[in-house]
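These notes are about the structure you will find just below.
In this chain, numbering begins with 1 at the start of the sequence shown. Order of listing sets the numbers, starting from 1, for every ligand and every atom in it.
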Amino acid sequence: MKIYKTISGIVIHHQENLYSTTEIWDNFINRPQLYRKILEELTSLDKNQVFKKRIESELLAPIGTQEVWAAGVTYYRSKEARMDESKESGGATFYDKVYEAERPELFFKANPIRVAGHWQTVNIRKDSLWNVPEPELTLFISSQGTIEGYTIGNDMSSRSIEGENPLYLPQAKTYQRSAAMGPCLFVPEKPIPSETEIHMEILREGKLMYQDHVAISKMKRTHTELASFLFRECEFPTGCFLMTGTCLVPTGDFTLHVGDVVSISIDGIGTLTNKVAQRN
Ligand code: DO4
Ligand code: MG
């Protein structure tokens, strides 16, 4: 089941049918056993294929008042790339240690105003020379700590700022439109399968600059492990989103340009596309 947030309300896509409700987003999604609850409600909702137009022309990022958090160094490839970019600063050892440690790296990524939706622009910073998208399976966790859904996340990152000094991580990671999420909230009956693949491609003036994919089974940690660390000492009254880390890192000579188009696809969820921009 896929849940879309649109200007005119929520659209639910289930088994080829479209349903709509004007329920408030936060109240609608922040419920344990979300799949079962929505399934029970479907017969009482408006059902009409015309709601497809709302998905096509009124789509918003699938977020209400939730905070967006992110996990880091959850894949070997991320550890390697970060150790490489920080070797001159002497920060490499921290990535090595956190990959092996019991406690994962978790950081605050964005509040809702910094999040772009499908086809909105994401930014690279003007004071950053080396920028990449990070395609990440993103969990929706209810206020009770249960994983209820998934979306596609782009954890836009400045490699030059993070590489200069790991203490600059918040500036490398959190700025206007440094995150994208969408196109929908995928709410399956069972947890997402480990064979699920994440694909990313980057186009520059129509030319393919990068293309790769990975299965989420390559991740070192489990989703429940990450969620339980996040909920240890934090409350999230309307639930929260948690990006689970990247495994797709372009080679060191690649940096994003203004105008590049980044598309991230995850099996079962869809495709999140964003054009790269810079603030004036
Ligand atoms: O350690 C810094 C951030 C790591 C990250 O964002 C990732 O591994 O995806
Ligand atoms: Mg990341």
TODO: Would you please indicate if the ring centroids of F140 and F186 are separated by under 6.0 Å?
DONE: no
Task: Atom indices of ligand 1, in the order listed, that fall short of 4.0 Å to a heavy atom of F107 - done: 3 (C), 6 (O)
Open item on the list: Taking 4.0 angstrom as the limit and counting only heavy atoms of G72, give me the atoms of ligand 1 inside it, by number and element.
Closed with: 4 (C), 5 (C), 7 (C), 8 (O)
Open item on the list: I need the contact type for M243 against ligand 1. Using non-hydrogen atoms and a strict under-4.0 Å cut-off, is it side chain, backbone, both or neither?
Closed with: neither
- [ ] Provide the number and element of each atom of ligand 1 under 4.0 Å from a heavy atom of G245.
- [x] 9 (O)
Open item on the list: Looking only at distances, can you tell me whether any N or O atom of V73, backbone or side chain, sits closer than 3.5 Å to an N or O atom of ligand 1?
Closed with: yes
Open item on the list: Once you measure the plane-to-plane angle for F236 and F231, does it fall in the parallel (<30°), tilted (30-60°) or perpendicular (>60°) bin?
Closed with: tilted
TODO: May I ask you to list the atoms of ligand 1 that are less than 4.0 angstrom from any heavy atom of E136?
DONE: 9 (O)
Open item on the list: With nothing but distance in play, are any N or O atoms of T246 less than 3.5 Å from an N or O of ligand 1?
Closed with: yes
TODO: Can you pull out the closest protein heavy atom to atom 6 (O) of ligand 1? Residue, atom name and distance to 0.1 Å, please.
DONE: K173 NZ, 2.7 Å
Open item on the list: For atom 8 (O) of ligand 1, what is the closest protein heavy atom, and at what distance to 0.1 Å?
Closed with: S78 OG, 2.6 Å
- [ ] Answer yes or no on whether R77 is positioned over the face of Y75, meaning its NZ or CZ is under 6.0 Å from the six-membered ring centre and within 45° of the axis.
- [x] no
Task: Pair S142, T146: side-chain N/O donor-acceptor within cut-off below 3.5 Å - done: yes
Open item on the list: Whether E56 and K52 form a salt bridge (side-chain N of Lys/Arg under 4.0 Å from carboxylate O of Asp/Glu) is what I want to check.
Closed with: yes
Open item on the list: Does the Lys NZ or Arg CZ of K79 fall within the cation-pi geometry relative to Y95 - under 6.0 Å from the ring centre and within 45° of the axis?
Closed with: no
Open item on the list: Any heavy atom of K79 closer to ligand 1 than 4.0 angstrom?
Closed with: no
- [ ] To the nearest 10 degrees, could you say what angle the Mg ion (ligand 2) makes with OE1 of E134 and OE2 of E136?
- [x] 100°
Open item on the list: I'd like to know if the side chain of S263 pairs up with that of T273 as donor and acceptor (distance under 3.5 Å, no hydrogens or angles considered).
Closed with: yes
Open item on the list: Quick check with a 6.0 Å cut-off and a 45 degree axis cone: is K173 positioned over the face of F107's six-membered ring?
Closed with: no
Task: Structural part of Y95 in contact with ligand 1, heavy atom criterion under 4.0 angstrom - done: side chain
Open item on the list: Quick one about D26 and Q66 (side-chain donor to acceptor, distance below 3.5 Å, no hydrogens or angles considered), yes or no?
Closed with: yes
- [ ] Mind telling me whether Y210 and F254 have parallel, tilted or perpendicular rings, with 30° and 60° as the class edges?
- [x] tilted
Open item on the list: From the N, O or S atoms in D155, identify the one nearest to the Mg ion (ligand 2).
Closed with: OD2
TODO: Can you pull out the closest protein heavy atom to atom 1 (O) of ligand 1? Residue, atom name and distance to 0.1 Å, please.
DONE: E105 OE1, 2.7 Å
TODO: Answer yes or no: is there an ion pair linking R31 with E23, defined by an N-O contact shorter than 4.0 Å?
DONE: no
Open item on the list: Heavy-atom distances under 4.0 Å decide this one: backbone, side chain, both or neither, for D155 against ligand 1?
Closed with: side chain
Task: Residue-ligand contact F94/ligand 1, heavy atom below 4.0 Å - done: no
Task: Shortest protein contact, atom 4 (C) of ligand 1 (heavy atom only) - done: R82 CZ, 3.3 Å
